[in-house]
Number of protein chains: 2
Amino acid sequence: MPPPPLDFDDHKADRDIDLAAASCRNCDVVREIAFCADLSHDEIKRLATVRCHAQLPPNFTVFREGDAADHVYSISGGAVKLYKLLSDGRRQIIGFLFSGDLFGLGLESGYAYTAETLTQTQLCRFTHRRLDSLRGEMPRLERRLFSMTVKDLVAAQEQMLLLGRKTAREKVASFLLKLSRRAVEQGLPASPVALPMSRADIADYLGLTIETVSRTFTQLKRDGVIGLPDSGHVLLLDGWRLKETAEGGLNG
Amino acid sequence: MPPPPLDFDDHKADRDIDLAAASCRNCDVVREIAFCADLSHDEIKRLATVRCHAQLPPNFTVFREGDAADHVYSISGGAVKLYKLLSDGRRQIIGFLFSGDLFGLGLESGYAYTAETLTQTQLCRFTHRRLDSLRGEMPRLERRLFSMTVKDLVAAQEQMLLLGRKTAREKVASFLLKLSRRAVEQGLPASPVALPMSRADIADYLGLTIETVSRTFTQLKRDGVIGLPDSGHVLLLDGWRLKETAEGGLNG
DNA sequence: CGAGAATTTGATTCCGATCAAGGCCTGTGG
DNA sequence: CCACAGGCCTTGATCGGAATCAAATTCTCG
């Protein structure tokens, strides 16, 4: 594999302007989903002047909980997990992020979570300072950032319901459905869902242990609701039953 | 008790302009905390033109999950709980809100939760439509709404850690500390913390049962960490130990 | 092929849920 | 004033789902 650049290089910003505008213009999927959607070509160009790219390897820590929150990141390819830790090592994954997602926004007193890549990942980085000044001049950008944050909040509230009140089976079913819906949004098929994260990551996202996640997958497979071609992919065989399971509609 | 008006009256808006401006100008606590903070007198006046008040009794449902999201609410006095339900009645309380807090913001496809008063509560109501047009003209308002939403998101992420990874004892300790800190922000004493919500509400907020909440209170009292003068108030006797307990630092 | 990690499976334990009383406060009506 | 009804909260006994402990299996990759 080619040695990936582990650091962002702010000095390349000028050189990257056209590339950025081009990628935002040409790649329909990213243009629709990323936070530069709805912006004019000129606005995208201005955004690009304060942005720089990086290609990061898997399991790379972008920043840690408590670090000074200097930058905002946008994912242009790959996958990222955000998590919080307790002093004894217990971990809660706050979210799995994919192409078009944003993170690191709005924190004044240091990042509230650690961000780590799951796979090889392409990130756009913006300094908080520069992005702030642009926001003041571009109302559509401001609105876009706002609505993305609200969407994150709604998702977080849904996750609270899952963590506080759902059974292991319901949690896993909800998780698979969420991944599947997200894949569809990205233009991918709904059914063979890719799991770029480990069982440990899934467990820490759902408030379970590795063993319980594994057992629940096996159980759902035994019941004919899903298929497990390999540990990194899940087939949704019975979408209706999975949906019912996720909402506590049937089973135990 | 005087019969409280159960409905908002939009036609009183004009009449209320001066009152609104006055209350935001004169009441320091609300001015600092509510989302009209940082706004000029003129801006507050303009906000007031699209706003209307209501005094609501305890246990009053402001709106239900799934209702069309027409309005945004600001609490000027009292307390509100937001919750989500599963089809079989399991409930997760998403948040307890107090003076200065905002809710109902940014939902395009219906409210994502039910909002219900805990105590007698004074609310300001704004239509989404009118507030949206004002936001376009008042960047400081836009920023304020944004930063309040980010704060909610950070709190939601903290709550995910609590729900997914903390023990019952840690959950209750964290809850009491959060209430105490909030009281201090409001200018109230840190120690006799008021609990305007029932044990059932606390349980549904922490992902526990009523019985476990009650037992945990008793246990913390037995250990000399808290005092329970009555079921609606808690004395924080050993703040340091409570903090340690909340973060999983000691005990089991 | 072999070392080490990730995942699955099995046996047992334990924390919090459930089931079941019992106590306490508040309001109401005799 | 007291009796009583109905919440709400607390306490006790038991149960069960997921955690923990332990081991086997599969996957990965040199």
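Computation of the quantities below employed the complete heavy-atom set of this structure, encompassing side-chain atoms and omitting hydrogens, waters and symmetry-equivalent molecules. Naming convention: chains lettered A, B, ... in sequence-line order (proteins, then strands); numbering from 1 in each chain.
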Heavy-atom donor-acceptor pair, [X] side chain to [Y] backbone, under 3.5 Å:
| X | Y | answer |
| --- | --- | --- |
| A/Thr117 | A/Pro57 | yes |
| A/Ser74 | A/Leu102 | no |
| B/Ser99 | B/Ser76 | yes |
| B/Arg64 | B/Thr114 | no |
| A/Ser180 | A/Leu176 | no |

[X] [atom1] to [N] [atom2], straight-line distance once rounded to whole Å:
| X | N | atom1 | atom2 | value |
| --- | --- | --- | --- | --- |
| A/Gln219 | C/dT9 | CD | P | 12 Å |
| B/Leu228 | D/dC9 | CG | P | 12 Å |
| B/Glu170 | C/dG16 | CD | C1' | 14 Å |
| B/Leu206 | C/dG16 | CG | C1' | 13 Å |
| B/Arg90 | C/dT18 | CZ | C1' | 14 Å |
| A/Phe217 | C/dA6 | CZ | C1' | 14 Å |
| B/His233 | D/dC9 | NE2 | C1' | 15 Å |
| B/Leu220 | D/dT10 | CG | P | 12 Å |

*asked:* Please give me every residue in residues 198-205 of chain A whose heavy atoms get under 4.0 Å of an atom in DNA chain C, ordered by residue number.
replied: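 Correct list: A/Ser198, A/Arg199.
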
*Taking all non-hydrogen atoms of both residues, which atom of A/Lys166 and which atom of A/Ala246 are closest, and how far apart?*
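That closest heavy-atom pairing would be NZ-O, 3.1 Å.
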
Contact list (N/O, under 3.5 angstrom) for nucleotides 23-26 of chain C vs protein:
none

*Got a sec: does the NZ of A/Lys178 have more than 12 other heavy atoms crowding it under 6.0 Å?*
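Counting other residues, nucleotides and ligands, NZ of A/Lys178 exceeds 12 neighbours.
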
Please list, one pair per line, the donor and acceptor atoms closer than 3.5 Å that link side chains of residues 189-199 of chain A to other protein atoms, with sequence neighbours excluded.
from     : atom 1 : to       : atom 2 : distance (Å)
A/Ser191 : OG     : A/Leu236 : N      : 3.3
A/Ser198 : OG     : A/Ala200 : N      : 3.4
A/Ser198 : OG     : A/Asp201 : N      : 3.1
A/Arg199 : NH1    : A/Ser231 : O      : 3.0
A/Arg199 : NH2    : A/Ser231 : O      : 3.3

*asked:* Checking B/Asp230 now: which residues fulfil salt bridge (charged side-chain N to carboxylate O under 4.0 Å, His left out) with it, not counting sequence neighbours?
replied: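 Once residues adjacent in sequence are excluded, B/Asp230 has no partner under the salt bridge (charged side-chain N to carboxylate O under 4.0 Å, His left out) criterion.
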
*Using a 4.0 Å cut-off on protein heavy atoms (strictly under), produce a 5'-to-3' string for nucleotides 14-28 of chain D with B for base contact, S for backbone-only sugar-phosphate contact, and - for none.*
----SSBB-------

*asked:* I want to know whether A/Tyr73 and A/Phe63 have ring centres closer than 6.0 Å.
replied: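 Ring centroids of A/Tyr73 and A/Phe63 are less than 6.0 Å from each other.
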
*Within residues 186-229 of chain B or reaching into it, pairs that qualify as ring pair (Phe, Tyr, Trp, His ring centres under 6.0 Å) - sequence neighbours excluded*: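 For residues 186-229 of chain B, and leaving out neighbouring residues, the ring pair (Phe, Tyr, Trp, His ring centres under 6.0 Å) pairs sorted by first residue read B/Phe96-B/Tyr205, B/Phe175-B/Tyr205.
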
